[in-house]
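Okay, structure first, notes after.
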2 protein chains.
Amino acid sequence: MSTKSQERLRKPRADALRNRDRVLEAAKTVFSAGGAGASLEAVARQAGVGIGTLYRHFPTREDLFEAVYRREVEQLSELAEALKSEPSPVEALRHWLRSTVQFVATKKGMMAALAIVMNANSELAAYSHAHLTASINALLARAVEAGDVRSDVTADDLLRALIGMCYMHDQTGWQQSVLRLLDVFVDGLRVTN
Amino acid sequence: MSTKSQERLRKPRADALRNRDRVLEAAKTVFSAGGAGASLEAVARQAGVGIGTLYRHFPTREDLFEAVYRREVEQLSELAEALKSEPSPVEALRHWLRSTVQFVATKKGMMAALAIVMNANSELAAYSHAHLTASINALLARAVEAGDVRSDVTADDLLRALIGMCYMHDQTGWQQSVLRLLDVFVDGLRVTN
DNA sequence: CGTTTATACGGAGGATGCCTCCGTTTATCA
DNA sequence: TGATAAACGGAGGCATCCTCCGTATAAACG
């Protein structure tokens with residue numbers, strides 16, 4: 001019981017937080033470059049920590065994938081928040097959508113692994129869906145209130161469209177194509193009177 | 001030059017063909033059960049061949065994935081061909097679509113790996129797209145000619161719809177859902193006058 | 001047929017990666 | 001500042017990867 005009371009009080013060690021973040025950053029780099037099967041020891045090396053540290057924070061490869069993914073989803077949320085200060089609501093939306101495409105593009109080799117994790121952990125799917133929908137909603141609502149875009153398109157619609165577009169992942173030059181389609185799409189969202 | 005002239009003439013050894021097929025069959029089984037990361041030596045064991053034989057036929061894990069996938073696409077083509085003798089064109093189409101869903105369902109763990117291979121090898125994407133489109137087209141054309149289904153839906157549309165449906169791979173019970181949607185879809189294809 | 005020869009086979013073994021375990025180090029708290 | 005819980009690094013045991021080569025055998029040829 002003495003241990004129990006301390007569990008709550010003691011704050012996590014600073015080096016633990018720092019190392020956790022270093023590993024996540026390294027994982028993003030290494031997996032993006034070498035694909036989902038890249039060596040975890042390479043990740044530890046890149047992060048400048050021991051292999052034991054990596055495994056303590058992320059017991060399985062999937063745990064690491066998941067954490068990297070969550071981190072990026074949160075970064076997209078933060079970007080949406082930051083874009084509230086962008087003068088033009090429409091450009092803010094466009095900017096965010098483009099960033100999302102880049103986000104997908106970076107993870108060439110990771111998408112596959114993420115699909116596995118998503119399958120195994122539907123809570124993660126719900127989590128990311130909620131975050132992304134909320135981000136889009138904030139951006140969309142502002143644009144609608146400003147009278148810049150039509151009001152009959154929901155955040156869910158937009159997310160679905162985005163995912164669908166990014167799914168044509170095979171053709172070469174897909175990224176350019178999606179960016180073009182996004183531009184057309186955003187233009188189409190505008191009220192034209 | 002003597003070797004060069006023989007390269008063309010000599011036919012492949014029978015045991016080589018047999019073993020290649022055994023490995024593919026084993027790979028299908030093992031990967032379906034154990035996911036894309038399953039041990040290649042387990043595949044060799046299951047196939048009843050040496051590990052060296054496996055590697056000679058398929059130098060990389062991706063080569064093996066690709067070959068398994070190609071084989072299954074071809075089997076879907078053959079199924080489409082066989083279904084030409086099914087009395088009702090609409091039921092033939094429905095049957096084929098349902099088989100495709102099952103095909104996807106079997107490969108839970110493989111889809112991820114396939115996504116990687118598809119990315120790396122766009123020829124494979126073109127190959128499978130062509131085969132699948134052709135299969136659908138044959139089935140669809142027969143149904144249209146029989147006057148059973150509307151004529152303003154292309155094979156490409158149908159394939160896209162199919163892929164999109166199967167992409168909701170996360171929710172539990174997706175398979176039942178897709179099968180239900182397919183039924184609705186096929187019913188919708190019927191001419192109603 | 002029997003011989004020759006290209007081709008395929010199996011599996012040993014070195015290299016690499018996975019993951020656990022534990023002695024050492026360090027941040028927190030009294 | 002000392003005690004101690006928490007985190008660290010990396011050695012080492014085990015599994016898998018993949019290459020290499022001696023052996024076996026199917027096809028070709030006389």
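The analysis underlying the following values was restricted to heavy atoms, covering all of them including side chains, and did not include hydrogens, waters or symmetry mates. Below, chains carry the letters A, B, ... as their sequence lines are ordered, and counting in each starts from 1.
Taking atom CG of Leu64(A) as the reference point, atom P of dC18(C) lies 11 Å away to the nearest angstrom. When the C1' atom of dT16(D) is taken as reference, atom CG of Leu54(B) falls 13 Å away, rounded to whole Å. Rounded to an integer number of Å, the gap from CG of Leu40(A) to P of dG10(D) is 17 Å. To the nearest angstrom, C1' of dG11(C) lies 13 Å from CZ of Arg45(B). Taking atom NZ on Lys11(A) and atom P on dA30(C), their separation rounds to 12 Å, with Å as the unit. Atom P of nucleotide dT16(D) and atom CZ of Arg61(A) are separated by 14 Å, given to the nearest angstrom. We find that CD of Glu62(B) is positioned 13 Å from C1' of dC17(D), with the value rounded to whole Å.
Taking only side-chain nitrogens and oxygens, Ser39(B) never comes nearer than 4.0 Å to OP1 or OP2 of dA15(D). Residue His57(A) places at least one side-chain N or O under 4.0 Å from the OP1 or OP2 atom of dC8(D).
With dT28(C), dA27(D), dC17(D) as the candidates, the nucleotide lying closest to the side chain of Arg13(A) is dT28(C). In this structure, the nucleotide among dC18(C), dC17(D), dC8(D) sitting nearest to the side chain of Thr53(A) is dC8(D).
Applying the side-chain contact (heavy atoms from CB on, under 4.5 Å) criterion to Ala146(B), with sequence neighbours excluded, gives Pro89(B), Asp148(B). Asp21(A) pairs by the side-chain contact (heavy atoms from CB on, under 4.5 Å) definition with Arg71(A), not counting sequence neighbours. By the salt bridge (Lys or Arg N to Asp or Glu O under 4.0 Å) test, Glu78(B) pairs with no residue at all, sequence neighbours left out.
Within the model, atoms CZ of Arg61(A) and CZ of Phe31(A) stand 5.5 Å from one another, a figure rounded to the nearest 0.5 Å. Interatomic distance, CZ of Arg94(B) versus OG of Ser88(B), reported as 8.0 Å (0.5 Å rounding). Taken from CD1 in Ile136(A) to OG in Ser77(A), the straight-line distance is 10.0 Å, to the nearest 0.5 Å.
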Just the atom pairs and distances: protein N or O near nucleotides 13-16 of chain C's N or O, under 3.5 Å.
none

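Pair assignment for dA11(D): dT20(C), on the basis of Watson-Crick or G-U wobble contacts that are both within less than 3.5 Å.
Surrounding CD of Gln75(A) are more than 12 heavy atoms belonging to other residues, nucleotides or ligands, all under 6.0 Å away.
A donor and an acceptor atom never sit less than 3.5 Å apart when one is taken from the side chain of Arg56(A) and the other from the base of dA7(D). On a pure distance criterion of 3.5 Å, no polar donor-acceptor pair joins the side chain of Arg10(B) and the base of dA28(D).
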For residues 50-58 of chain A, which side-chain N or O atoms pair as donor and acceptor with protein atoms under 3.5 Å away, sequence neighbours left out?
none

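Salt bridge absent: Arg22(A) and Glu25(A) never bring a charged side-chain N and a carboxylate O closer than 4.0 Å. One finds no salt bridge joining Arg70(A) and Glu74(A) here, because no Lys/Arg side-chain nitrogen approaches an Asp/Glu carboxylate oxygen to under 4.0 Å.
Within residues 14-28 of chain A, the residues that have a heavy atom under 4.0 Å from DNA chain D are, in order of number, Asp15(A), Ala16(A), Asn19(A).
Each of Gly52(A) and Ala42(A) has a nearest nucleotide on DNA chain C; the 5'-most of these lies closest to Ala42(A).
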